[in-house]
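Structure first, then comments.
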Amino acid sequence: MQYTPYQVKKILDKYHFNTKKKYGQNFIIDENIINKIIDKSLIDNTTLVIEIGPGIGALTTKLAKVAQNVLCYEIDKNLKDILDNVLTEYNNVEIIYNDFLKCHVLEDIKKYQYKKLYIVANLPYYITTPIIFKVIEDNLPVDKMIIMVQKEVGDRFKAKLGTKDYGSLTVFLNYYYEINKIMDVSRNVFIPKPNVDSIVVEFIKKKQLPSLKNEDLFFKLVKDSFKQKRKTLKNNLKGYDLVKINEVLNKYNLDLQVRAENLSLDIFIEIANNL
Ligand code: SAM
């Protein structure tokens with residue numbers, strides 16, 4: 001099927017499907033945008049793609065054509081009839097009707113053989129951060145993520161040091177991934193039309209991760225440092241060896257009165273390695 005305004009409305013009507021705000025359902029109605037996302041993703045027949053939230057299959061049908069396998073997680077079981085219909089000709093797509101956040105993805109991908117694992121998703125804004133944290137915390141062996149999000153959320157991924165958007169997510173993402181903006185997407189290419197525009201962002205796993213003595217300690221340190229964003233490091237890191245932390249900060253003309261939002265990834269790494 002062609003994902004045009006006419007065809008999308010037709011299929012929604014045929015299946016008496018009403019889009020649900022609570023699941024952030026805004027479906028793409030522009031074949032050019034879909035093709036661009038697929039082209040830029042550089043997926044090939046050795047790639048297992050995890051798609052979060054296939055909706056009515058706009059990206060899924062195209063992913064199925066280029067990927068080895070597509071494993072989808074869709075929270076809304078009411079989409080099953082539509083997805084069964086639009087995906088009939090593809091035998092390399094599996095759909096798990098469940099909340100992605102509750103799934104054991106590492107278990108689910110065990111049965112697949114693949115060279116590369118990508119995540120592709122057009123995500124509702126409210127769930128973007130928990131999903132990315134899940135990918136990181138579950139240690140999913142993801143090589144690349146191509147994610148469409150509301151523009152404001154996308155800006156947060158590359159938030160600059162010292163801004164209100166700079167948080168633990170920014171630090172973790174920069175630790176693991178090289179982050180590139182792929183394109184802007186107008187709000188006019190969705191049904192129903194959202195109130196804001198979107199962007200597509202790509203996260204490519206770094207070939208060589210920055211060297212850390214203890215990854216768990218680094219993660220805990222960063223999370224604790226941002227626990228109460230307005231507080232200083234001294235207040236957020238009670239219980240840590242503050243003398244050792246201060247040693248590193250002093251090298252950068254900083255002290256324990258600094259807030260986490262002013263610390264770069266490199267400084268966090270150096271502190272963690274000094275503890
Ligand atoms: N990929 C489709 C497209 O681009 O047209 C649909 C995108 S729509 C913005 C988001 C999709 O994510 C919806 O189908 C929604 O039901 C699904 N969704 C929302 N929360 C989810 C969750 N926690 N787990 C899995 N899917 C979810």
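Counting starts at 1 for both ligands and their atoms, in listed order. Please read all numbers here as calculations on a predicted model, not as lab measurements.
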**Asked** Nearest to atom 17 (C) of ligand 1 by heavy atom, Glu74, Lys134, Gln25, Lys102: which?
**Response** Glu74
**Asked** Looking only at heavy atoms, what is the nearest atom pair of Ile52 and Ala121, with distance?
**Response** O-CB, 3.6 Å
**Heavy atoms from other residues, nucleotides or ligands near OH of Tyr125 exceed 12 (cutoff 6.0 Å)** = no
**Request:** Between Ala121 and ligand 1, find which residue part has any heavy-atom pair under 4.0 Å and reply side chain, backbone, both or neither.
**Result:** neither
**Complete:** If we number the atoms of ligand 1 from 1 as shown, the ones under 4.0 Å from a heavy atom of Phe27 are 5 (O), 6 (C), 14 (O)
**Message:** Tell me the protein heavy atom at minimum distance from atom 24 (N) of ligand 1, and give that distance in Å.
**Reply:** Phe100 N, 3.0 Å
**Message:** Taking 4.0 angstrom as the limit and counting only heavy atoms of Asn98, give me the atoms of ligand 1 inside it, by number and element.
**Reply:** 24 (N), 25 (C)
**Prompt:** In terms of residue, atom name and distance, what is the protein heavy atom nearest to atom 5 (O) of ligand 1?
**Reply:** Ile28 N, 2.9 Å
**Complete:** If you scan protein heavy atoms around atom 2 (C) of ligand 1, the nearest is Pro54 O, 3.3 Å
**Message:** Please list the nearest protein heavy atom to atom 20 (N) of ligand 1 with its residue and the distance rounded to 0.1 Å.
**Reply:** Tyr126 OH, 3.7 Å
**Request:** For Asn26, take its heavy atoms, then give the atoms of ligand 1 lying under 4.0 Å from any of them.
**Result:** 7 (C), 8 (S), 9 (C)
**Message:** Could you tell me if the side chain of Ile33 sits less than 4.5 Å from the side chain of Val200, heavy atoms only?
**Reply:** no
**Message:** Just to be sure I read this right, does ligand 1 sit under 4.0 Å from the backbone of Tyr97, its side chain, both, or neither, counting only heavy atoms?
**Reply:** neither
**Message:** salt bridge (Lys or Arg N to Asp or Glu O under 4.0 Å), that's the test. Do Lys115 and Asp44 meet it? Break it down for me.
**Reply:** CA-CA 10 Å; Lys115 279 202 181 137; Asp44 65 26; over 6 Å; no
**Request:** For atom 8 (S) of ligand 1, find the nearest protein heavy atom and state the residue, atom name and distance (0.1 Å precision).
**Result:** Gly24 O, 3.5 Å
**Asked** Quick one: nearest non-hydrogen protein atom to atom 10 (C) of ligand 1, plus distance?
**Response** Asn122 O, 3.5 Å
**Message:** Determine whether Lys220 and Asp216 satisfy the following criterion, salt bridge (Lys or Arg N to Asp or Glu O under 4.0 Å), listing intermediate values before the conclusion.
**Reply:** CA-CA 6 Å; Lys220 189 173 175 325; Asp216 291 343; over 6 Å; no
**Message:** I need the atoms of ligand 1 closer than 4.0 Å to a non-hydrogen atom of Tyr73, numbered in the order shown.
**Reply:** 25 (C), 26 (N)
**Item:** Distance from atom 19 (C) of ligand 1 to nearest protein heavy atom, with residue and atom
**Value:** Tyr23 O, 3.3 Å
**Asked** Phe133 ring centre to Lys223 NZ or CZ under 6.0 Å, with the angle to the axis within 45°?
**Response** yes
**Item:** Close side-chain approach of Gln68 and Leu48, heavy atoms under 4.5 Å
**Value:** no
**Message:** Restricting to non-hydrogen atoms, name the atom on Thr163 and the atom on Glu261 that form the minimum distance, rounded to 0.1 Å.
**Reply:** O-CB, 4.3 Å
**Request:** Pick whichever of Ser198, Gly53, Pro194 has a heavy atom sitting closest to atom 12 (O) of ligand 1.
**Result:** Gly53
**Request:** Evaluate the side-chain proximity of Leu249 to Ile271: yes if any heavy-atom separation is below 4.5 Å, no if none is.
**Result:** yes
**Message:** With a 4.5 Å cut-off on side-chain heavy atoms, are Lys36 and Met183 touching?
**Reply:** yes
**Request:** Report the part of Glu51 (side chain from C-beta onward, or backbone N, CA, C, O) that has a heavy atom under 4.0 Å from ligand 1; answer both or neither where that applies.
**Result:** side chain
**Asked** Can Leu123 be said to touch ligand 1, with heavy atoms closer than 4.0 Å?
**Response** no
**Item:** Protein contact to atom 18 (N) of ligand 1 [nearest heavy atom, distance to 0.1 Å]
**Value:** Ile75 CG2, 3.6 Å
**Message:** Go through it in stages, so that I can follow the logic: the residues are Val86 and Ile11, the test is side chain to side chain contact (heavy atoms under 4.5 Å, CB included), and I'd like the CA-CA distance, side-chain angles, deciding distance and then a yes or no.
**Reply:** CA-CA 10 Å; Val86 298; Ile11 201 154; 3.8 Å; yes
**Request:** Check each atom of ligand 1 against the heavy atoms of Asp99 and keep those under 4.0 Å away; list them by number with element.
**Result:** 22 (C), 23 (N), 24 (N)
**Asked** Just wondering, do Gln7 and Glu31 contact through their side chains at under 4.5 Å, heavy atoms?
**Response** no
**Asked** Near Gln257 CD, under 6.0 Å, is it more than 12 heavy atoms from other residues, nucleotides or ligands?
**Response** yes
**Asked** Using heavy atoms and a threshold below 4.0 Å, how should the contact between Ile127 and ligand 1 be classified: side chain, backbone, both, or neither?
**Response** side chain
**Item:** Gly55: numbered ligand 1 atoms lying under 4.0 Å from its heavy atoms
**Value:** 6 (C), 14 (O)
